[in-house]
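Here the structure is laid out as structure tokens; the discussion comes afterwards.
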Amino acid sequence: MAWTAAASLCCRLVRAAPVRRRARRRTLCSAARSTDAVDREYADLNLRPLYPNVRPNPTYPILPVFNLRLLFEIAYQPDHPPTNWFWCMQRGHHLRIRQHVNPLSALFVEPTEPPEWTEVFEDPLLPLMVDIGCGSGRFLVWLAKNSGERRNYLGLEIRQKLVERTQFWVTELGLRNVYFMFANATVSFEQIVSSYPGPLSLVSILCPDPHFKKRHHKRRVLQTPLVDSITKNLCLGGRVLVQSDVLDVATDMRERFDGYSDVFEHADRIDKDLQCDNEGWLLDNPMGIRTEREIHAELEGATIYRRMYQKTRCFLPDYSIS
């Protein structure tokens, strides 16, 4: 009886209509268009010559996709030099990176020690911009290379592979005004930024991980301790830029900084060049370059919600106990 049931099921599976893959092809096409758009936007960085060893090392065989066991046997032989197939692909253009990371994991609870600022920046007394959750880092690298302002740039990112690749780009480009750190900004921002010898003039949080589920909102990067630290360390006249293509996330960040109305003013009320819509969202990107997430989102027809704040008064922490 069991054999008959199994044979019947196999016959049904054989007769089943083939699965259509049109939606998958559209997704790949959209991803390809996004990649092309990013390359065009950041073309003047000329990063492609800095993708070393993108192709597999010719001394290793080109393996079919299904032969994963042989692939791992080749890649992890102890006598292989560091230029093995996996290493080449990681140092190159394409990285397999987890898009969503749990910042509450035990892996990320320890604060990251600040660097020796004189070693990472040519002039550590210049005003500092910090990009929290800098992703691939192209945004900051572009600013460091093209911005007319004399400023240092610091990127904080929780995915270590991205930091390693971006810092490799920085070294190859010979830039001495931008640096990237593997850090959980929620727990490390205060320790890192408070040690910087110059003023903190700009903090950006651009399209952070939305963590859509309500029970995961505590994983969002902008929590009360981080808002406090940003508010305390930002210099007078310094600015905060928040943005997201998810309205709920943008609103959450906006409400957190709106709660410090005794310290911050909406920057558009001070700088008339910043134009807003009727709901107070900035109409244009004030940075001169879009982030990769902005490019992807706008290609999909999404709206980018932005808000910029300027610190106009000193921050006085509330030590009252309720």
Side-chain angles (χ1 to χ4, degrees), residues 27-28 30-54 86-103 108 112 120 129-147 151-175 177-185 188-189 192 202-211 221 241-246 249 285 287-300 302 304 306:
T27 301
L28 291 174
S30 175
R33 287 191 296 110
S34 293
T35 302
D36 291 342
V38 169
D39 286 342
R40 288 194 300 271
E41 189 108 356
Y42 290 93
D44 65 325
L45 286 181
N46 197 27
L47 292 177
R48 283 202 174 276
L50 303 182
Y51 298 154
N53 305 319
V54 172
F86 274 129
W87 187 90
C88 292
M89 292 303 290
Q90 288 182 359
R91 292 298 300 273
H93 177 43
H94 300 289
L95 291 177
R96 294 181 65 87
I97 299 294
R98 291 193 64 178
Q99 294 300 311
H100 304 285
V101 177
N102 179 9
F108 308 116
T112 301
V120 300
M129 172 184 175
V130 178
D131 187 27
I132 295 175
C134 58
S136 74
R138 286 182 178 88
F139 171 71
L140 278 192
V141 173
W142 188 93
L143 289 176
K145 185 178 179 182
N146 295 289
S147 176
R151 175 186 282 168
N152 289 327
Y153 300 87
L154 177 66
L156 304 181
E157 174 56 49
I158 201 170
R159 291 166 292 180
Q160 189 168 7
K161 286 183 180 180
L162 289 177
V163 174
E164 291 172 355
R165 183 181 67 176
T166 311
Q167 196 56 41
F168 171 79
W169 290 343
V170 169
T171 302
E172 291 298 305
L173 291 170
L175 298 174
N177 61 338
V178 60
Y179 185 70
F180 294 87
M181 296 182 64
F182 166 56
N184 180 356
S188 300
F189 183 89
I192 292 171
L202 178 59
V203 175
S204 58
I205 308 174
L206 310 177
C207 299
D209 193 329
H211 293 292
V221 65
L241 173 64
V242 296
Q243 78 173 27
S244 177
D245 57 311
V246 180
V249 175
N285 183 327
M287 300 304 299
I289 186 76
R290 294 181 297 170
T291 67
E292 290 179 58
R293 179 58 198 168
E294 279 183 82
I295 296 170
H296 298 323
E298 290 183 340
L299 275 177
E300 297 295 329
I304 306 297
R306 307 179 184 91

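Nothing here was measured: the structure is a model prediction, and the numbers come from that model.
From I132, atom CD1 reaches atom CD1 of I158 across 12.0 Å, with rounding to the nearest 0.5 Å. Separating the CZ atom in R138 from the CH2 atom in W169 is a distance of 3.5 Å, to the nearest 0.5 Å. Between the NE2 atom of H296 and the CZ atom of R290 there is a distance of 10.5 Å, given to the nearest 0.5 Å. Separating the OG1 atom in T35 from the CZ atom in R40 is a distance of 10.5 Å, to the nearest 0.5 Å. Atom CG of L47 sits about 6.0 Å away from atom CG of L173, to the nearest 0.5 Å. Distance CD/E157 to OG1/T166: 8.0 Å, rounded to 0.5 Å.
Panel note: side chain K145, backbone D44; a donor-acceptor pair is recorded below 3.5 Å. Using a distance-only test at 3.5 Å, with no hydrogens or angles considered, no donor-acceptor pair links the side chain of N184 to the main chain of S188. With hydrogens and angles ignored, the 3.5 Å screen pairs no side-chain donor or acceptor of D131 with any backbone N or O of G155.
Shortest non-hydrogen contact noted between V221 and A185 is CG2-CB, 4.4 Å. Closest approach of I192 to T112, counting heavy atoms only: CG1-O, 3.7 Å.
Residues passing the side-chain contact (heavy atoms from CB on, under 4.5 Å) test with T291, sequence neighbours excluded: F139, L206, Q243, R293, E294. Residues passing the salt bridge (charged side-chain N to carboxylate O under 4.0 Å, His left out) test with E172, sequence neighbours excluded: none.
Proximity of L202 to R151: side-chain heavy atoms (C-beta onward) are separated by under 4.5 Å at one or more points. For the pair N152/Y179, no side-chain contact is recorded, criterion being any heavy-atom separation below 4.5 Å from C-beta on. Side-chain contact between Y42 and I289 is present, with at least one heavy-atom pair separated by less than 4.5 Å. V130 places a side-chain heavy atom less than 4.5 Å from the side chain of F189.
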(request) Could you give me the CA-CA distance, side-chain angles and deciding distance for V141 and F180, then say whether side-chain contact (heavy atoms from CB on, under 4.5 Å) is met? (result) CA-CA 10 Å; V141 173; F180 294 87; 3.9 Å; yes

(message) Would L175 and Y153 count as a side-chain contact (heavy atoms from CB on, under 4.5 Å) here? Give the steps.
(response) CA-CA 10 Å; L175 298 174; Y153 300 87; over 6 Å; no

(message) Let's go through I304 and N285 carefully: what are the C-alpha distance in whole Å and the side-chain angles of both, what is the deciding distance for side-chain contact (heavy atoms from CB on, under 4.5 Å) to 0.1 Å, and is it a yes or a no?
(response) CA-CA 9 Å; I304 306 297; N285 183 327; over 6 Å; no

